[in-house]
Structures are given as C-alpha cells and as structure tokens.
Trainee: 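This is the structure, below, for whatever I ask next.
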Amino acid sequence: MLNIRLSDASPGQRLARAVSTPTGTVLVQAGEHLTRDLIDGLRHKGIESVVIEGDDPAAPTLSPEQRLAALDSRFAGHEHHPLMMELKQVIAEQMSTGRTE
C-alpha cells in the first residue's frame, strides 16, 4: 500500500483503502480503480490523499534473510502464544513461496 497525494494519482490505480470524508462518510470503496472523473470529484470534495495498492518504489528491497529477521523481530515476545506462532509460520511460508497477498 502506498499513501499518495491526490494530485499524484493516476487513472487506473486501485484504491487499497476506502476514501472517506472527515465525518466518516465513505465516498469510494477500497478496490475501486481511479478514473480521471473520480480523481476530479474527490479533489472537489477536499480529499488530499488516497491509499493505493502497490509498494513504495523508494523503499529498500530486503533480502529473504532480512525479511525473515524482520518477521522474527515482529513476533519476538510471543513465543508462548500458539496462535501467534501459527500466524508467524503462515507468513513465513508465504514469504518463502513469494506470495504477498
């Protein structure tokens, strides 16, 4: 996911999160593809940023070993929680097969 300014949004990008007003009214559901009209309409409603699917191109690329070390760090202290360890194992398996969804 990538949070971008609406002025940087392009038609065809897919929303990773719903777009809502400050009062919580949902304007566009997650999963919708942006169109020029939709971008213009959101701008007209005062929306300044959206969260789109994809990765930050400026983010460093981690090696598989670094990704597993980061996973270990995130789950540190939960070794005695079976469900947390099961979740960690599922994530590790997805990482090893290249699945990111």
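Reckoned from all heavy atoms, side chains included, excluding hydrogens, waters and symmetry mates.
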Trainee: Are Ser49 and Asn3 close enough, and set up right, to give a side chain to side chain contact (heavy atoms under 4.5 Å, CB included), and what steps lead you there?
Mentor: CA-CA 7 Å; Ser49 64; Asn3 189 344; 3.4 Å; yes
Trainee: Tell me, which pairs form a side chain to side chain donor-acceptor pair (under 3.5 Å) where one or both residues lie in residues 68-80, sequence neighbours left out?
Mentor: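 Every side chain to side chain donor-acceptor pair (under 3.5 Å) pair that includes a residue of residues 68-80, provided the two are not neighbours, is Asp72-Lys88.
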Trainee: Do you know the tightest heavy-atom contact between Ala92 and Leu68?
Mentor: CB-CD2, 4.2 Å
Trainee: Does some side-chain heavy atom of Val51 sit less than 4.5 Å from a side-chain heavy atom of Leu15?
Mentor: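 SC-SC contact between Leu15 and Val51 ruled out.
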Trainee: Indicate the atoms forming the closest heavy-atom contact of Arg36 with Pro11, along with that distance.
Mentor: NH2-CD, 3.5 Å
Trainee: Measuring from atom CG of Leu71 to atom CD of Gln94, what distance do you get when rounded to the nearest 0.5 angstrom?
Mentor: 11.0 Å
Trainee: Closest heavy-atom contact between Ala16 and Ala30?
Mentor: O-CB, 3.7 Å
Trainee: Can you measure from CE (Met85) to CZ (Phe75) and round to the nearest 0.5 angstrom?
Mentor: 6.5 Å
Trainee: Sequence neighbours left out, what passes side chain to side chain contact (heavy atoms under 4.5 Å, CB included) with Gln89? Give chain and number order.
Mentor: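 Partners of Gln89 by the side chain to side chain contact (heavy atoms under 4.5 Å, CB included) criterion, ordered by chain and then number, come out as Glu93.
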Trainee: State whether the side chain of Gln13 and the backbone N or O of Ser10 hold a donor-acceptor pair below 3.5 Å, judged by distance alone.
Mentor: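 Yes, because the side chain of Gln13 sits within donor-acceptor range (under 3.5 Å) of the backbone of Ser10.
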Trainee: To the nearest 0.5 Å, what is the distance between CZ on Arg43 and CG on Leu38?
Mentor: 10.5 Å
Trainee: Can you measure from NZ (Lys45) to OG1 (Thr25) and round to the nearest 0.5 angstrom?
Mentor: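 The distance works out to 10.0 Å.
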Trainee: Are any non-hydrogen side-chain atoms of Arg17 and Met1 less than 4.5 angstrom apart?
Mentor: yes
Trainee: Can you measure from CD1 (Ile47) to OG (Ser20) and round to the nearest 0.5 angstrom?
Mentor: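 Result: 8.0 Å between the selected atoms.
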Trainee: Apply the test side chain to side chain contact (heavy atoms under 4.5 Å, CB included) to residues Leu42 and Leu27: give CA-CA distance (whole Å), side-chain angles for both, the deciding distance (0.1 Å), then the verdict.
Mentor: CA-CA 8 Å; Leu42 292 173; Leu27 301 173; 4.0 Å; yes
Trainee: Do the side chain of Arg14 and the main chain of Gly31 share a donor and acceptor less than 3.5 angstrom apart?
Mentor: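 Flag set: sc Arg14 to bb Gly31 pair under 3.5 Å.
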